[in-house]
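Notes follow the structure.
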Amino acid sequence: MSTYAVDKLKRIAEEACRLARKHGADAAEALVQGGAELSVKIRLGEPELVQEAASRALGLRVFRDRRAALTYTSDLSDAALDRFVAESVELAKLAEPDELNELPARAELATEQPDLELWDDAAVSVDAKGALDRCKTGEAAARGFSPKVTNSEGATYSRVVGASAFANSDGFGGGYRGTYQSLVVEPICDDADGKKRNGFWWTADRFLSRLQDPESVGREAARRTVAKLGSEKIDTGEMPVVFDPEAGRALLRALFSVISGGAIYRKSSYLLDREGTKVASPLVTIVDDPLIARGPGSRPYDGDGLPSRKNVVVDGGTLQTYLFDVYSARKLGRKSNGCAGRGVGGAPHVTTSNFILQKGTTKPEAILSGITRGLYVTEMMGFGFNAVTGDFSRGAGGFLIENGKLGRPVSEVTIGANFNDLWCSVDAVGDDLDLRSSTACPTFRVSKMMVAGR
Amino acid sequence: MGAGQLQAPFSPGGATEIDAALARRLLELSLAAGGDYADLFFEYRAGADYVYEDERVKAVGRGITLGLGVRVTKGDATGYAYCEDLTWEAMAEAARTAAQIAQSGQSHAPVDIRALTIPSFYPVSVPTLETLAPEKLELLRRGDRAARAYDPRIVKVSASFAEELKEILIVTSDGKLVRDRQPLMRYGVHAIAEDKGKRQGGSGGGGGRFGMEYFTTHPPESHGTEAARVAVAMLDAVDAPAGSMEVVLGAGDSGILLHEAIGHGLEADFNRKQTSNYSGQLGKRVASELCTVVDDGTITHDRGAINVDDEGNPGRKNVLIENGILRAYMQDKLSCKHFGVEPSGNGRRQSFRHNPLPRMTNTALLAGPHDPEEIIRSVKRGVYAKRFSGGQVNISNGDFVFSLTESYLIEDGKLGAPLKGVNLIGNGPDVLTKVTMLGKDFQLSDGIWTCGKDGQSVPVGVGTPTVKIAAITVGGTKA
């Protein structure tokens, strides 16, 4: 049996729900995922790792007298399934009743699945040898780019193909399959002070033909790494900070963490009671859109079985809505806006699909032009974000901006600001949006942040 | 899945028992294409978690995973495959897939397999997973009640308990057969305090490779109170300073600094590939002579303790840095071959789906000569760091950050106002030469840390005494 045959997985999910009812559950939901991975790595021209395997698993949530249990297993044989479901229903007795523990209203469930072009037949055609060849080409291009490239962390090609099916005991049944592959090249240079400088570049897409070619990935990786030679701290001070799309993405992830319904009902957000108010500069519009054809984060329905819908989260700086799954919406007396995510091993939770800072009109070069002295951030490190207060402080690296141009490379500094001030101080948004990853942004500028260095 | 004895199906007497003869047949298949070495990693993991929120048990979770990972090496190359059912067909298919890394060459036969006896660093009479659930649910209620009782400004409390029991069987083509049972539990409370429109959060928690006896010495109330204390204390937090200054790290969790600043850089894979700042530095001074750093997998019941690593080598205590001089790297199988050294017991993996890498176990900076209070008194203006949310390092250049969730200003040798969340950033080799005072008060962290590398997570421990660093960049917002 192919592990990514959607119909087969769907039948297992439906069977699990039927068994749950048989064993005394009031309601049940089952998620079944099957997939295969190929991951290969070349280092210094030689294979370092070839990994291939397939796996399947079932995640179940059962409700009994408004008590919930969440269980998972990888043993999907008929006999084992029956026992697993029976024990799951038994387990629910340990929890305490929560009046919100019930399935979504039937009328809210998705009734049709849009075709979002998530599967590419060609993706599967690449075998281990083909993947290794792509890595070799990419790494060789990086090492050939400049004699300053003295070592390599290697080049890695990864592919996942998988299928997912979801059913609940009220008759919802959905399933889809998808492909995704990536190539990353990581060169290393030796710096004059004995430090090593590493960098990388990558390409990824659901469709094989839309991957950037390995040679240009390798060359771009090398260009970025060589540019870091001579990195050092700069003096502490306030200055404008420009985030490139690779670094800026992390700010969007942090912003999501304070607009999720879960964070709101737990009071773990500085954006509590802020719907309808200004939370960012008028240049900032952020959407969560699961319906983008071929999008890396696209999905035909959400983790509660509700239809996928596009949500405008921030519109011209105003917070339009938090993102909800069914549980967090009920907790707050609201309606879900279809943002539930779910994995086999855990509870449904609010998640993003394609979470995007919409592009602006400014060319990335023009974003630098008005800056006398500033910091261009290409990478960030660490976990310094307090969701409750919005205090933000992270390690950063990139380039000094001097008189509108990129200058010498910078490392070992931190950037800090209150998150509310940071988003309200965005004074330029680039037109260079690229949807390689499910959270994406163009280049953007924050008028003032504290940069700590020397 | 009720309480009772849990046993892996591949153990003696299990439904799909794996014995030396069967393992040998799989290893023969694994080496058939010309591989140098192969190993089998059988894993059975039963886990459960309990979430307590809004004064009720919100959900209970259970899960079981079972599988076999097959690794074949040829030179420095690794072939890896895994399967989730232990039928002969599935296991043989995984062995044949992994074998393909070797395309030619003479096939080596596995040597005779011998069962290995290993130490016991986490004797647990009854794993928490085999204890009835109501007892564990009561722990959550107790932590919640303690946090709420601490201060009327506490407005939200949640508590969680996660536990697992992992049973592994490793069989190698160089003749080792070894089994281990690894219990692991973690308890935590999170509290939110609210006052005059300000809100702050705080956490408390701990655990390790313990049974329920952990709670005799670490009652849930202590974690609940700690979460509430941090949340309330941080209500008065002021903007942190920015720039380079003196920093004092509190004993225990500050070991995170060590883990990031130097630990990862001493993992042998980076040094074998010459991609670490510490490549070629063995025998050289890499830290202040106050510093002796060990990685110790033998600390009883520690979260990072291992009787045996995931390549079948017994857990060990390794001195990495002795009075400032670099003595050793942490090794896995491939690196041992490269450096011509004995295994150090650091070959670890997240699960049967992952190939082993050199990883830390419990990394500690040993105690020094100074009185902790004297250390704080010696600081004119700086930061005292007490609690952390985590850290990260760039292996190549040694830059690392770590994030403070509870810290205080030090002025004229006295602790002052609490500071808003802030990062410290430094460079490993640089910062360790700037350790100018080291306390007598060595402490282990209370079992909460998980380390990520190459997409693989493993539980680790850390420990330090109070440490003074002469200069490190504090990433606040106030000039």
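- Contact of the A:Glu52 side chain with the B:Tyr82 side chain is not registered, since no non-hydrogen atoms from C-beta on lie closer than 4.5 Å.
- When all heavy atoms are compared, the tightest approach of A:Lys196 to B:Ser279 is CE-OG, 4.3 Å.
- B:Asn394 and A:Glu379 get closest at one heavy-atom pair: ND2-OE1, 4.4 Å.
- A salt bridge is defined here as a Lys NZ or Arg NE, NH1 or NH2 lying under 4.0 Å from an Asp or Glu carboxylate O, and B:Asp54 with A:Lys331 meets this definition.
- The existence of a salt bridge linking A:Glu48 and B:Lys273 is confirmed by a sub-4.0 Å separation between a basic side-chain nitrogen and an acidic carboxylate oxygen.
- Across all their heavy atoms, A:Gly384 and B:Ser403 have their closest contact at N-OG, 3.4 Å.
- Proximity of B:Val401 to A:Arg394: side-chain heavy atoms (C-beta onward) are nowhere separated by under 4.5 Å.
- Between B:Arg56 and A:Asp98, at least one side-chain N (NZ, or NE/NH1/NH2) sits under 4.0 Å from a carboxylate O, which counts as a salt bridge.
- Neither the backbone nor the side chain of B:Phe388 has a heavy atom closer than 4.5 Å to any heavy atom of chain A.
- Residues passing the side chain to side chain donor-acceptor pair (under 3.5 Å) test with B:His264 are B:His259, B:Glu267, sequence neighbours excluded.
- The existence of a salt bridge linking B:Arg353 and A:Glu37 is excluded, since no basic side-chain nitrogen approaches an acidic carboxylate oxygen closer than 4.0 Å.
- Using a 4.5 Å cut-off on side-chain heavy atoms (C-beta onward), B:Ser389 and A:Phe385 make no contact.
- Contact between A:Ser55 and B:Glu84 at its shortest, heavy atoms only, is CB-OE2, 2.9 Å.
- Looking at B:Ser276, the atoms closer than 4.5 Å to chain A (heavy atoms on both sides) all sit in the backbone: N, CA, C or O.
- Between A:Glu96 and B:Arg141 there is a salt bridge, since at least one side-chain N of the basic residue sits less than 4.0 Å from a carboxylate O of the acidic one.
- Rounding to the nearest 0.5 Å gives a distance of 13.5 Å between CD of B:Gln274 and OG of A:Ser152.
- Residue A:Tyr327 touches chain B through its side chain alone, counting heavy-atom pairs closer than 4.5 Å.
- In this structure, chain B has no heavy atom under 4.5 Å from any part of A:Ala128.
- Considering OG1 of B:Thr73 and CG of A:Leu49, their distance stands at 11.5 Å, rounded to 0.5 Å.
- A salt bridge links A:Lys267 to B:Glu194: at least one charged side-chain nitrogen sits closer than 4.0 Å to a carboxylate oxygen.
- Across all non-hydrogen atoms, the minimal contact from B:Gly61 to A:Leu91 is C-CD2, 4.3 Å.
- Inter-residue side-chain proximity for B:Asp76 and A:Glu46 is flagged as unmet; no heavy-atom pair is nearer than 4.5 Å.
- Residues B:Ile192 and A:Val388 form a side-chain contact, since some pair of their non-hydrogen atoms from C-beta on lies under 4.5 Å apart.
- To the nearest 0.5 Å, atoms CG (B:Asp454) and OG1 (A:Thr156) are separated by 8.5 Å.
- What you find for A:Glu153 and B:Thr275 is that their closest heavy atoms are OE2-OG1, 3.4 Å.
- With chain B as partner, the option from A:Asn151, A:Thr73, A:Asn101, A:Leu60 having the largest number of non-hydrogen pairs under 4.5 angstrom is A:Asn151.
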